[in-house]
Amino acid sequence: MKKLLVMLCGVMLLVVSGCCSPGQCKITMEKNAVLLDVRTPAEYQKGYLQGAINLPQADVDTKAAAVVPSKDTPVYVYCRGGREATMATEKLLKQGYTDVHNLGAMKNAQKRLGLPTAK
């Protein structure tokens, strides 16, 4: 019973303190970070997050080194719905990139980064 009470108090403390889940918290990219939009060029042309570079998920294996030469550069990845960003993140990690962040869908990435869209 004591353990349950301690756990309940801990949860209440987190709620009251304003803790949020990783998908909801705002993040700040490092100055040298690269923001990758891994959607298709047609999707990218309809609108993208300000500062994002378009590198379609299908091209990550062959073109990532040209876009992000240093493997320790922070890389933030997003796509339309989250699936392509996950696949691109896995590819980047397999290539040896050490600081890769999957932001999921563009809407989530925009909320977390607080960036406007551009065309």
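Hydrogens, waters and symmetry mates play no part in the numbers below; they use all other heavy atoms, side chains included.
Leu36 and Ile27 fall into different hydrophobic clusters, where Ile, Leu, Val, Met, Phe, Trp and Tyr side chains are chained together by heavy-atom contacts under 4.5 Å. Residues Leu103 and Val34 do not share a hydrophobic cluster, defined by chaining ILVMFWY side chains whose heavy atoms lie under 4.5 Å apart. There is a path of hydrophobic side-chain contacts, each under 4.5 Å, that joins Val77 to Val67. Hydrophobic clustering (ILVMFWY, side-chain heavy atoms < 4.5 Å, transitive): Tyr44 and Val68 are in distinct clusters. With hydrophobic clusters built from ILVMFWY side chains whose heavy atoms lie under 4.5 angstrom apart, Met106 does not share a cluster with Ile53.
With 3.5 Å as the limit, one finds a donor-acceptor pair spanning the side chains of Lys91 and Gln57. No side-chain donor-acceptor contact under 3.5 Å links Asp72 and Thr98. Judged by distance alone, the side chains of Glu30 and Tyr76 do bring a donor and an acceptor atom under 3.5 Å apart. A donor and an acceptor atom, one from each side chain of Tyr78 and Asn108, are nowhere located under 3.5 Å apart.
Heavy atoms only, all atoms of each residue included: Cys79 and Gly82 are closest at SG-N, 2.9 Å. What you find for Gly104 and Ala85 is that their closest heavy atoms are O-CB, 3.9 Å. In terms of heavy atoms, Asn54 sits closest to Pro41 at OD1-CA, 3.4 Å.
Within the 4.5 Å cutoff, no side-chain heavy atoms of Gln50 are placed close to those of Thr117. Within the 4.5 Å cutoff, the side chain of Pro56 has no heavy atoms near those of the Val38 side chain. For the pair Val75/His101, no side-chain contact is recorded, criterion being any heavy-atom separation below 4.5 Å from C-beta on. Between Leu115 and Leu35 there is a side-chain heavy-atom pair separated by less than 4.5 Å.
The closest donor-acceptor contact from the side chain of Asp37 to the backbone of Ala52 lies at 3.5 Å or more, if one exists at all. Remark: the backbone N or O of Thr40 is paired with a side-chain donor or acceptor of Glu43 at under 3.5 angstrom. Under the 3.5 Å distance criterion, the side-chain polar atoms of Gln95 are matched with a main-chain donor or acceptor of Val60.
Going from atom CG of Leu93 over to atom CG of Asp99 covers 10.0 Å, rounded to the nearest 0.5 Å. Distance check: Lys94 NZ to Thr89 OG1 gives 12.0 Å after rounding to the nearest 0.5 Å.
Of the charged side-chain nitrogens involved, none lies within less than 4.0 Å of a carboxylate oxygen, so that Arg39 and Glu84 do not count as a salt-bridged pair.
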